Amino acid sequence: MSDPRLLEYIRSGQLGISDFGHARSLRNMAVLRCVTLISEAIGTLPLNLIGSDDRKQIQADSPAHRLLKYKPNNWQTPYEFKSLVQLHALLDGQGFARVIWSGDRPVRLVPMRRGSVMVRQTDTWEMEYDYTTPTGAMVTLSARDVFHLRDISLDGINGVSRIALASGALDLAAAAERAAYRTFRTGLMAGGALKFKDAISEETYRRVREQLDDFGGAENAGRWLIAEEGAEPLKFANTATDAQQIENRNHQIEEVARQFGVPRPLLMMDDTSWGSGIEQLAIFFVQYALSHWFTAWEQAAARSLLPESLLGRVQFRFNEGALLRGTLNDQANFFARALGAGGHAPWMSQNEVRALTDLPKSDDPLTDQLRNPMTQKREGERFESLQPT
């Protein structure tokens with residue numbers, strides 16, 4: 001009786017894995033597009049544990065880094081794990097994974113089923129998680145044993161589902177979808193009619209009907225029909241109701257885009273308001289739809305996987321620059337300036353540029369220095385400027 005799927009069944013009259021909780025909203029194509037865009041972007045980007053000092057060195061030997069970068073568990077890739085937990089957070093307002101420890105080392109991150117975790121805070125302000133295992137057993141886990149990714153929260157303990165908050169708009173979108181389905185299933189979809197002044201014979205009707213059927217298809221575009229017995233064409237025009245229905249459905253797509261912070265053109269909307277191009281779309285998407293999730297993941301990982309002794313010394317960081325690389329020409333211009341072209345002081349070394357483009361590191365120690373390789377040459381162990389003095 002305590003199974004949350006029972007309440008969902010009572011409400012909807014349906015029960016299934018795809019219908020559990022707010023997963024039914026994925027039948028809305030705009031919602032599906034938004035949550036897949038965000039969850040796949042989070043899954044695609046690498047999450048590194050780096051030093052907090054000026055060197056920003058990746059902590060490759062840390063078990064916490066290896067879990068989120070290479071192997072969270074025995075059956076999921078990092079992409080699959082991060083995408084799944086992010087999807088749960090988008091649908092339910094929060095996603096959970098159980099942290100398996102071996103002494104002081106985290107060795108596994110196991111995703112927890114939706115609806116299987118109840119979060120509460122004790123009188124001593126400690127977080128506890130009542131988890132129902134797949135076998136039906138109830139266990140109580142401490143905050144150390146749970147990776148908890150929250151969306152917006154009203155109490156700081158439980159995340160709130162955006163889909164639940166926007167249920168009115170999504171119900172209206174579902175009603176518009178059903179109305180469109182009924183229109184296409186039962187509505188009159190003919191493009192026009194032939195109008196005769198007098199009644200026609202069965203033979204004339206047969207010839208006209210065959211002619212109309214024979215002239216269907218794109219290969220007959222532009223061909224002329226033969227009008228018999230004074231027939232006049234009468235074309236049906238789109239009604240104001242049809243236009244209003246299309247406008248209403250477009251408005252519901254905009255409501256979903258607003259809900260998740262995704263630009264409308266990324267939902268395959270024919271939108272001409274983004275005249276500055278795809279680069280500005282990418283910047284908008286990263287800044288307003290993804291950046292807060294980057295911070296949520298970084299801080300949730302630090303809270304769950306790092307001991308107190310390492311806080312402030314290392315930090316988790318997404319490399320969102322991978323989403324903002326632009327075209328090859330844009331990258332070439334940026335890297336040239338970063339290396340010192342155009343009179344700029346260099347702020348990146350050659351090896352740093354090579355790392356961003358997934359090229360192997362050069363063994364030459366000078367490629368780790370801030371210098372302009374186009375204006376300097378090596379003579380023994382000394383650099384001389386090639387620019388005229």
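All heavy atoms count here, side chains included; hydrogens, waters and symmetry mates do not. Computed from a predicted structure; not experimentally measured.
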**Student:** Would you say CZ of Arg337 has more than 12 non-hydrogen atoms from neighbouring residues, nucleotides or ligands within 6.0 angstrom?
**Tutor:** no

**Student:** With sequence neighbours excluded, what pairs up with Ser309 under the side-chain hydrogen bond (donor to acceptor under 3.5 Å, both in side chains) test?
**Tutor:** none

**Student:** Sub-3.5 Å donor-acceptor pair from the side chain of Ser62 to the main-chain atoms of Gln59, do we have one?
**Tutor:** no

**Student:** Donor-acceptor check, side chain of Ser116 to backbone of Arg113, threshold 3.5 angstrom: yes or no?
**Tutor:** yes

**Student:** Would you please name every residue forming a side-chain hydrogen bond (donor to acceptor under 3.5 Å, both in side chains) with Asp53, sequence neighbours left out?
**Tutor:** none

**Student:** Which heavy-atom pair separates Leu305 from Ala64 by the least distance, and what is that distance?
**Tutor:**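 Distance-wise, the nearest heavy atoms are CB-CB, 3.9 Å.
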
**Student:** May I have all residue pairs that pass side chain to side chain donor-acceptor pair (under 3.5 Å) and include part of residues 286-298, sequence neighbours excluded?
**Tutor:**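 Found Gln86-Trp297, Arg162-His292, Glu298-Arg317.
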
**Student:** Does Leu84 belong to the same Ile/Leu/Val/Met/Phe/Trp/Tyr cluster as Ile42, with side-chain heavy atoms less than 4.5 Å apart forming each link?
**Tutor:**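 Leu84 and Ile42: separate clusters.
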
**Student:** Within the 3.5 Å criterion, strictly below it, is a donor on Ser153 or Asp155 matched to an acceptor on the partner's side chain?
**Tutor:**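 Result is yes, a qualifying pair exists.
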
**Student:** With sequence neighbours excluded, tell me which residues meet side-chain hydrogen bond (donor to acceptor under 3.5 Å, both in side chains) with Glu126.
**Tutor:**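 Glu126 satisfies side-chain hydrogen bond (donor to acceptor under 3.5 Å, both in side chains) with no other residue.
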
**Student:** Same cluster or not: Tyr131 versus Val85, using hydrophobic residues (I, L, V, M, F, W, Y) connected whenever any side-chain heavy atoms lie under 4.5 Å apart?
**Tutor:** no

**Student:** Look at the side-chain heavy atoms of Ile, Leu, Val, Met, Phe, Trp and Tyr, link any pair under 4.5 Å apart, and say whether Trp101 and Met112 land in one connected group.
**Tutor:**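 No, separate clusters.
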
**Student:** Report yes or no: do Ile58 and Leu311 belong to one cluster of Ile/Leu/Val/Met/Phe/Trp/Tyr joined by side chain heavy-atom distances under 4.5 Å?
**Tutor:**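 Different hydrophobic clusters.
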
**Student:** Could you walk me through whether Ser161 and Leu91 pass the side-chain contact (heavy atoms from CB on, under 4.5 Å) test, one step at a time?
**Tutor:** CA-CA 6 Å; Ser161 169; Leu91 292 175; 5.8 Å; no

**Student:** Show the atom names and distances, to 0.1 Å, of all donor-acceptor pairs under 3.5 Å that link a side chain in residues 140-149 to residues at least two apart or in another chain.
**Tutor:**
residue : atom : partner : partner atom : Å
Thr140  : OG1  : Asp130  : OD1          : 3.1
Ser142  : OG   : Asp145  : OD2          : 3.1
Arg144  : NH2  : Gly103  : O            : 3.2
His148  : ND1  : Tyr129  : OH           : 3.0
His148  : NE2  : Gln94   : OE1          : 2.8

**Student:** Once side chain to side chain contact (heavy atoms under 4.5 Å, CB included) is applied, do any residues pair with Leu37, and if so which ones, sequence neighbours excluded?
**Tutor:** Arg33, Val262, Leu266, Phe285

**Student:** Taking only residues two or more places apart in sequence, or in another chain, which ones meet Lys361 in a side chain to side chain contact (heavy atoms under 4.5 Å, CB included)?
**Tutor:**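 Expected list: Asn351, Asp368.
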
**Student:** State which residues pass side-chain hydrogen bond (donor to acceptor under 3.5 Å, both in side chains) with Arg206; sequence neighbours excluded, sorted by chain then number.
**Tutor:**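 Arg206 satisfies side-chain hydrogen bond (donor to acceptor under 3.5 Å, both in side chains) with Glu203, Glu210 once adjacent residues are dropped.
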
**Student:** Say you draw a straight line from CG of Leu290 to CZ of Phe284; how long is it, rounded to the nearest 0.5 Å?
**Tutor:** 11.0 Å

**Student:** Return the set of residues passing side chain to side chain contact (heavy atoms under 4.5 Å, CB included) with Val110 (not counting sequence neighbours), or none when no residue passes.
**Tutor:** Trp75, Arg98, Ile100, Arg108

**Student:** Evaluate the side-chain proximity of Thr77 to Phe81: yes if any heavy-atom separation is below 4.5 Å, no if none is.
**Tutor:** no

**Student:** Restricting to non-hydrogen atoms, name the atom on Val353 and the atom on Phe335 that form the minimum distance, rounded to 0.1 Å.
**Tutor:** CG1-CG, 3.7 Å

**Student:** What is the distance from atom OG of Ser52 to atom CZ of Arg313, rounded to the nearest 0.5 Å?
**Tutor:**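 Interatomic distance, Ser52 OG to Arg313 CZ, rounded to 0.5 Å: 9.5 Å.
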
**Student:** For the backbone of Ile38 and the side chain of Glu40, can you confirm whether one donor and one acceptor N or O come within less than 3.5 Å of each other?
**Tutor:** no

**Student:** Mark yes or no for whether Ser102, through its side chain, and Arg105, through its backbone, hold a donor-acceptor pair below 3.5 Å.
**Tutor:**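 Between the backbone of Arg105 and the side chain of Ser102 there is no qualifying donor-acceptor contact (under 3.5 Å).
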
**Student:** Looking at Pro63 and Pro106, what are the two nearest heavy atoms and their distance?
**Tutor:**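 In this case the closest contact between Pro63 and Pro106 is CB-O, 3.7 Å.
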
**Student:** Looking only at non-hydrogen atoms, find the nearest pair between Val35 and Ser39 and report the distance.
**Tutor:** O-OG, 2.7 Å

**Student:** If you draw a 6.0 Å radius around CE in Met127, do more than 12 non-hydrogen atoms from other residues or ligands fall strictly inside?
**Tutor:**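 Count over threshold, so yes.
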
**Student:** Kindly indicate, with the supporting measurements, whether the criterion side-chain contact (heavy atoms from CB on, under 4.5 Å) is fulfilled by Phe294 and Val286.
**Tutor:** CA-CA 10 Å; Phe294 293 157; Val286 171; 4.2 Å; yes

**Student:** Under the side chain to side chain donor-acceptor pair (under 3.5 Å) definition, can you give me all pairs with a residue in residues 253-263, not counting sequence neighbours?
**Tutor:** Glu254-Arg258, Glu254-Arg264, Glu255-Arg258

**Student:** When rounded to the nearest 0.5 angstrom, what is the spacing between CG in Leu366 and CD in Gln350?
**Tutor:** 9.0 Å

**Student:** Can you give me the closest heavy-atom contact between Pro78 and Lys69, atom names plus distance?
**Tutor:**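 Minimum heavy-atom contact is CG-O, 3.4 Å.
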
**Student:** Quick one: closest heavy-atom pair of Pro263 and Leu281, and the distance?
**Tutor:**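 Closest approach of Pro263 to Leu281, heavy atoms only: CB-CD2, 3.6 Å.
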
**Student:** Residues two or more places apart in sequence or in another chain: which of them pass salt bridge (Lys or Arg N to Asp or Glu O under 4.0 Å) with Glu128?
**Tutor:**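 Scan of Glu128 (salt bridge (Lys or Arg N to Asp or Glu O under 4.0 Å), adjacent residues dropped) gives Arg120.
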
**Student:** Which value, rounded to the nearest 0.5 Å, describes the distance between Leu306 atom CG and Leu49 atom CG?
**Tutor:** 6.0 Å

**Student:** Can you list every pair that meets ring-ring contact (aromatic ring centres under 6.0 Å, His included) and has a residue in residues 43-74, with sequence neighbours left out?
**Tutor:**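 As it turns out, the ring-ring contact (aromatic ring centres under 6.0 Å, His included) pairs with a partner in residues 43-74, which skip direct neighbours, are His65-Tyr70.
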
**Student:** Checking Thr133 side chain against Ala137 main chain: does a donor-acceptor pair fall under 3.5 Å?
**Tutor:** yes

**Student:** Ignoring hydrogens and geometry, is there a side-chain-to-backbone donor-acceptor pair from Ser83 to Tyr79 under 3.5 Å?
**Tutor:** yes

**Student:** Should Leu109 and Val314 be regarded as members of a common hydrophobic cluster, given that ILVMFWY residues are connected when their side-chain heavy atoms come within less than 4.5 Å of each other, either directly or indirectly?
**Tutor:** yes

